[in-house]
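Remarks on the structure that follows.
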There are 2 protein chains.
Amino acid sequence: MDAPDWPRFAVTVDLVVLTVRAGRLHALLVRRGEDPWRGAWALPGGFVRPDEDLHDAAARELAEETGVHQAAGHLEQLATYGAPDRDPRMRVVSVAHLVLAPDLPEPTAGTDAAAAAWVPVDEVAAAPLAFDHARILADGVERARAKLEYSPLAAAFCAEEFTVAELRAVYEAVWGRTLDPRNFHRKVTTTPGLLVDTGERRAEGRGRPAAVYRLGPATTIAPPLSRD
Amino acid sequence: MDAPDWPRFAVTVDLVVLTVRAGRLHALLVRRGEDPWRGAWALPGGFVRPDEDLHDAAARELAEETGVHQAAGHLEQLATYGAPDRDPRMRVVSVAHLVLAPDLPEPTAGTDAAAAAWVPVDEVAAAPLAFDHARILADGVERARAKLEYSPLAAAFCAEEFTVAELRAVYEAVWGRTLDPRNFHRKVTTTPGLLVDTGERRAEGRGRPAAVYRLGPATTIAPPLSRD
DNA sequence: TGTTTTCTCGTCATGACGACGATAAGCCGC
DNA sequence: GCGGCTTATCGTCGTCATGACGAGAAAACA
């Protein structure tokens, strides 16, 4: 009755892993060791196992291939890419996921990948990506930029405790523009439930020490911040 | 070299088809004619063909199974659902799509489906859906509600030419709340590029005839409408 | 002890919005 | 034809959020 004559596909997860380093938005890329696209940069990813949920597969590949453990940070599904010719070997449907991670101490400690590197997203155009990964990366970056407007997701780029200036630096790096420190401070500190003051304060070198906050229970920023 | 030992999955598309009828948001559901879940309501959908893009598969299934041609309306990818046990027969990964369609003259002229019907979304809870389709439908409805805030997508529920009152009726049906006609009128008519006045006006029974508009080139509504 | 740097609080004008009044322009029943 | 009803459209007003910017607070540095 259940004749297995349905078309069969390979299903993979691809990962758009973003972080903020040195004031710039970076993506995690790996260098391919096999054909096709041998030697080209690609998004980390791999095949989904037979009894594995998509989300679990993404988290596993993240840990396996990049050494990034999703303890901190944020993982969400991005979109699915399934053009018939996107992989010349076979029919592959890839469920792309978006990861926002704080800048890790171990930058590219990959177990599996030939080489992994953080690449500034505005320099990726110079190094063509394998398959349709350029499009996937662009979609992931756009999703991240959009979500910072109305969600507290910027904190996923920070440590658990952070200052307003650190949070603002995330926005400036992701959006590629400067924000007025005073208006930004007013916005994030007066949005109810967004930030919780830990009472501590921290001096980052020069200047007056900043209050240290932790993320509050708010899930949205309404009205949103605007990137214009 | 390419040993075909990768896990193989069946890939389907499922459709969340929404329309506004009689002032209420409806979803298009089909009644299943096969086990499992025989006799239960389900989302329309089907298997992706070996050489077919995901978007094309969704459009094909929409036409085949529901008789809805996507000439008017809007089709976008929603999300992908791939829990290992979501279908007891086999490992199925489903790429859900969201369709927003104007109220069609032929409501449920299905070619393939045993029975298809428009069901008000707030009555779906009374009739449990097959598989994880309740979750998919909820995600689709939430996506539609959210997108009306900042995009001109409400017009996808209308004919090509429409009045401000018709557009407002869409918002009220999708959001399940009333909006002030005067403030709504001000918002949509003063947002640059959102509406183009056709010069015509149309009398819908009682009351002063309304100006007839067509969608303009604007792609976003900023600042957004708020559903509170 | 200044000077610089950064954090934080205020001020002010502008713009968008919710609540609502008022007018315009068509139906309907008599 | 004439009010009455209904809907569309235009205005007004107070409130709130915002961008631009001034100014004080609190540290490091010379």
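All values reported here derive from a predicted model rather than from experimental measurement. The chains referred to below are lettered A, B, ... by the order of the sequence lines, with proteins before strands, and numbering in each begins at 1.
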Original post:
Do you know which two heavy atoms are closest between A:E160 and A:F162, and how far apart they sit?
Top reply: O-CD2, 3.7 Å
**OP:** Compare side-chain N and O positions of A:H185 against OP1 and OP2 of C:dT8 and report whether any pair is under 4.0 Å apart.
**Re:** yes
**OP:** Sugar-phosphate means primed atoms, P, OP1 and OP2; the rest is base. With that split, encode nucleotides 10-17 of chain C 5' to 3' as B, S or - using protein heavy atoms under 4.0 Å.
**Re:** -B----SB
**OP:** Mark yes when over 12 heavy atoms from residues, nucleotides or ligands other than A:R86 sit less than 6.0 Å from its CZ; otherwise mark no.
**Re:** yes
Original post:
Does any non-hydrogen side-chain atom of B:E149 lie less than 4.5 Å from one of B:R227?
Top reply: yes
**OP:** Rounded off to whole Å, could you give me the CD-to-P distance for the B:E166 and D:dT7 pair?
**Re:** 14 Å
Original post:
Is there a side-chain contact between B:R60 and B:V13, using heavy atoms and a 4.5 Å cut-off?
Top reply: no
**OP:** Give, for atom NE2 of A:H185 and atom CG of A:L195, the distance between the pair rounded to the nearest 0.5 Å.
**Re:** 9.0 Å
**OP:** Take the protein atom CG of A:D180 and the nucleotide atom C1' of C:dT6, then report the distance between them rounded to whole Å.
**Re:** 13 Å
Original post:
Starting at CG of B:L167 and ending at P of D:dT9, how long is that distance when rounded to a whole Å?
Top reply: 12 Å
Original post:
Would B:Y81 and B:D14 satisfy side chain to side chain donor-acceptor pair (under 3.5 Å), going step by step from the backbone distance to the final call?
Top reply: CA-CA 10 Å; B:Y81 301 82; B:D14 283 326; over 6 Å; no
Original post:
Which of parallel (below 30°), tilted (30 to 60°) and perpendicular (above 60°) describes B:F131 and B:H133?
Top reply: tilted
Original post:
So which of residues 194-219 of chain A are in contact with DNA chain C, with a heavy-atom cut-off of under 4.0 Å?
Top reply: A:R206, A:G207, A:R208, A:P209, A:A210, A:A211
Subject >> Contact check, side chains of B:V99 and B:L62, non-hydrogen atoms, under 4.5 Å >> reply: yes
